[in-house]
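Read the structure below first, then the notes.
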Amino acid sequence: MKNILARAEKLGCKIPRIKSEEIDKKLAPVLRLIEDVGIKVDVKSLKRLSEKLKVKSEKLRKEIQKNAGEEFNVASPTQLAKILFTKMKLPTGELKRTKSGFSTGASELEKLRGGNPIIGKILEYRELSKLVSTYLEPLPKIVDENFRLHTHFGTDTRTGRLTSANPNLQNIPIKGDFGPEIRRAFIAEKNCKLISADYSQIELRVVACLSGDKAMVEAFSSGVDIHSRTASELFRVPIEKITNDQRRLAKTVNFGVIYGISPYGLSQTLGIARESAAEYIFRYFAVHGGIKKYCEEQITQAKKLGYVETLFGFQRKLPEINSADRIKSESAQRMAINTPVQGTAAEILKLALIRLADQMQVLNQKSKIKSQNGGVKIILTVHDEVIVEAPVKDAESVAKIMKETMENVVKLSVPTEVEVGIGDNWDETKKV
DNA sequence: ACAATGGTCC
DNA sequence: ACTCGGACCATTGTA
């Protein structure tokens with residue numbers, strides 16, 4: 001059995017000769033610098049939003065209790081379940097169970113929407129209180145004297161990804177009504193811009209590369225929208241006739257592939273029957289034989305050698321793959337599929353960070369940029385994204401350099417496209 | 001102090 | 001008889 005790097009090179013990839021441990025060693029000082037620089041936050045707007053959402057959520061709490069006809073702790077899943085299912089006798093037919101009773105998780109409550117107006121209010125209450133208690137209240141308390149937040153990165157993950165903690169800046173909201181508003185509070189210093197550069201579909205591109213799947217390599221090389229292409233394959237419809245719903249479903253299937261897809265898992269996230277999910281998977285693998293083969297080979301290797309590895313040699317042991325417990329062995333099988341994908345994508349980003357840090361140092365030594373506003377600085381990274389702060393006048397050229405650098409850090413068998421955006425705040429960098 | 005539950009991100 | 005991968009954090013409720 002050939003290892004993953006040898007296979008990739010046979011497929012035409014140009015991979016720098018560096019091991020994952022070496023990458024992490026070079027990365028350490030880069031991460032330290034990013035942590036020390038930090039990212040500026042508009043504390044006032046966070047506090048303003050916090051107060052606003054607290055008022056809204058308090059109103060909702062009162063309405064919920066009124067509907068329930070009782071004062072109880074809405075934040076307590078046990079008390080909430082008692083109200084919904086014992087007192088109000090809402091239907092529990094299809095609902096998932098927890099150890100103590102019926103689940104009140106969002107995906108379960110979603111099934112009860114329309115059944116009673118209390119459900120929507122609970123979901124909205126949860127959304128608002130989450131934002132307030134996890135982001136809006138804590139973050140302003142931990143900014144430094146320059147209103148900057150300093151995260152702490154870690155490298156001790158099962159796949160080689162980075163972690164971010166105290167605070168975690170890798171799960172700052174982006175969706176919903178208030179996600180963008182929160183991201184608008186992550187701002188550039190005076191006379192500076194934020195530049196965000198993120199790899200487009202990096203994990204799927206890695207799948208294409210590691211598997212050599214012809215249809216997928218062709219899709220990425222031609223530059224079509226990958227989810228629409230998948231939808232066209234699944235529904236056997238020309239790509240121009242794909243509906244939004246079809247594309248959304250195909251997107252979920254594509255993510256499923258990265259995670260080590262199973263009919264049950266896919267049916268859960270799509271909220272469809274297991275049989276339908278199985279049919280989609282069947283169709284997917286009928287078109288993407290190379291990916292099917294990749295999955296099988298990863299499982300075979302894990303069983304034989306006890307581990308799987310990434311393009312740069314990071315290894316993850318998977319002893320449970322030979323377990324008699326099917327739950328455990330199948331879980332290990334999905335890890336065997338996912339770890340090389342997620343891990344390789346992480347390594348690509350790490351290499352990009354190292355190269356970017358080098359380039360920034362060179363840029364800052366060309367005294368022009370240097371003196372003004374402290375020069376160009378990497379201030380955050382979020383799995384497939386790098387955010388830089390740069391003087392306004394340098395923003396355009398820095399953006400170009402970032403795109404160029406990141407796209408060329410490795411040569412996969414498909415293009416590694418990077419999207420860049422410039423703005424006064426994090427949200428703005430994602431627009432246009 | 002710790003597990004369970006739930007939720008945010010990529 | 002039911003898990004789609006990887007993280008961190010808040011709250012509740014039990015120990």
Side-chain angles (χ1 to χ4, degrees), chain A residues 72-81 94 96-109 122-123 125-139 151-176 178-179 182-183 198-204 206-207 252-270 274 277-278 280-281 295 298 308 316 318 320 325-343 345-346 349 380-385 426:
Chain A
F72 69 104
N73 187 347
V74 184
S76 160
T78 45
Q79 293 184 39
L80 183 61
E94 305 282 304
K96 243 193 271 178
R97 287 163 184 280
T98 64
K99 299 199 168 169
S100 43
F102 290 104
S103 165
T104 67
S107 61
E108 304 310 303
L109 293 188
I122 293 166
L123 289 168
Y125 170 83
R126 284 241 182 96
E127 181 188 352
L128 301 183
S129 51
K130 174 75 178 179
L131 297 179
V132 170
S133 71
T134 306
Y135 307 100
L136 299 176
E137 293 271 12
L139 293 182
T151 188
H152 301 272
F153 290 109
T155 52
D156 52 339
T157 60
R158 317 292 221 288
T159 60
R161 264 195 182 181
L162 298 177
T163 62
S164 160
N166 307 305
N168 181 359
L169 294 183
Q170 293 187 326
N171 71 346
I172 300 301
I174 188 170
K175 299 176 195 161
F178 304 104
I182 292 174
R183 289 202 172 201
D198 65 286
Y199 283 105
S200 158
Q201 307 296 345
I202 186 65
E203 290 190 338
L204 279 178
V206 168
V207 169
T252 306
V253 172
N254 277 331
F255 274 105
V257 168
I258 294 168
Y259 298 154
I261 202 162
S262 77
Y264 176 73
L266 186 62
S267 74
Q268 284 300 299
T269 38
L270 284 175
R274 214 168 37 255
Y280 289 127
I281 294 171
C295 296
Q298 290 308 306
V308 292
R316 179 178 187 177
L318 294 169
E320 306 222 293
D325 184 338
R326 225 189 68 203
I327 303 283
K328 286 182 181 163
S329 71
E330 288 183 359
S331 172
Q333 289 180 17
R334 289 192 296 277
M335 294 172 190
I337 293 164
N338 174 265
T339 298
V341 177
Q342 191 182 121
L349 182 103
L380 190 60
T381 175
V382 189
H383 305 308
D384 61 0
E385 174 182 14
W426 196 0

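Atom set for the values below is all heavy atoms of this structure, side chains included, hydrogens, waters and symmetry mates excluded. Numbers restart at 1 for each chain; the letters A, B, ... are given by sequence-line order, proteins then strands.
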Nucleic acid contacts - residues 127-138 of chain A versus DNA chain B, non-hydrogen atoms under 4.0 Å: A:Lys130, A:Tyr135
Straight-line distance of A:Thr98 OG1 to A:Glu108 CD, nearest 0.5 Å: 10.0 Å
A:Tyr280: which residues meet the ring-ring contact (aromatic ring centres under 6.0 Å, His included) condition with it, sequence neighbours left out? A:Phe235
Hey, what do you get for NZ (A:Lys175) to CZ (A:Arg183), rounding to the nearest 0.5 Å? 10.5 Å
Say you draw a straight line from CZ of A:Arg274 to OG of A:Ser262; how long is it, rounded to the nearest 0.5 Å? 10.5 Å
Students should find that the nucleotides of DNA chain C closing off the region near chain A, any atom under 4.0 angstrom from a heavy atom, are C:dA1 to C:dG13
Find the distance between CG (A:Leu169) and OG1 (A:Thr381) and round it off to the nearest 0.5 Å. 11.0 Å
Mind checking if A:Ser267 touches a base, just sugar-phosphate, or nothing, with heavy atoms under 4.0 Å? nothing
Report which part of the nucleic acid A:Arg316 touches: base, sugar-phosphate, or nothing (heavy-atom distance under 4.0 Å, all strands). sugar-phosphate
Sorted by chain and number, sequence neighbours left out, side chain to side chain contact (heavy atoms under 4.5 Å, CB included) with A:Ser129 holds for A:Tyr125
Span of DNA chain B engaged by chain A, first through last nucleotide within the 4.0 Å heavy-atom cut-off, is B:dA4 to B:dC10
What's the gap between B:dG7 and C:dC2 when it is taken at their C1' atoms, as a whole Å value? 22 Å
side-chain contact (heavy atoms from CB on, under 4.5 Å) partner of A:Ile258, chosen from A:Leu204, A:Val206, A:Ile337: A:Leu204
Would you mind classifying the nucleic acid contact of A:Ser262 as base, sugar-phosphate or nothing, using non-hydrogen atoms under 4.0 angstrom? base
Hydrogens and angles aside, do A:Gln170 and A:Ser164 bring a side-chain donor and acceptor to less than 3.5 Å of each other? no
Set of ring-ring contact (aromatic ring centres under 6.0 Å, His included) partners for A:Phe102, sequence neighbours left out: A:Phe85
Go through the steps for A:Leu318 and A:Thr339 under the test side chain to side chain contact (heavy atoms under 4.5 Å, CB included), then give the verdict. CA-CA 10 Å; A:Leu318 294 169; A:Thr339 298; 5.5 Å; no
What nucleic acid atoms does A:Ala345 come within less than 4.0 Å of, heavy atoms only: base, sugar-phosphate, or nothing? nothing
A:Glu320 (side chain) donor-acceptor with A:Ala332 (main chain) under 3.5 angstrom: no
Any base atoms under 4.0 Å from A:Arg158, or only sugar-phosphate, or nothing? Heavy atoms, all strands. sugar-phosphate
Touch check for A:Gln79, heavy atoms < 4.0 angstrom, all strands: base, sugar-phosphate only, or nothing? sugar-phosphate
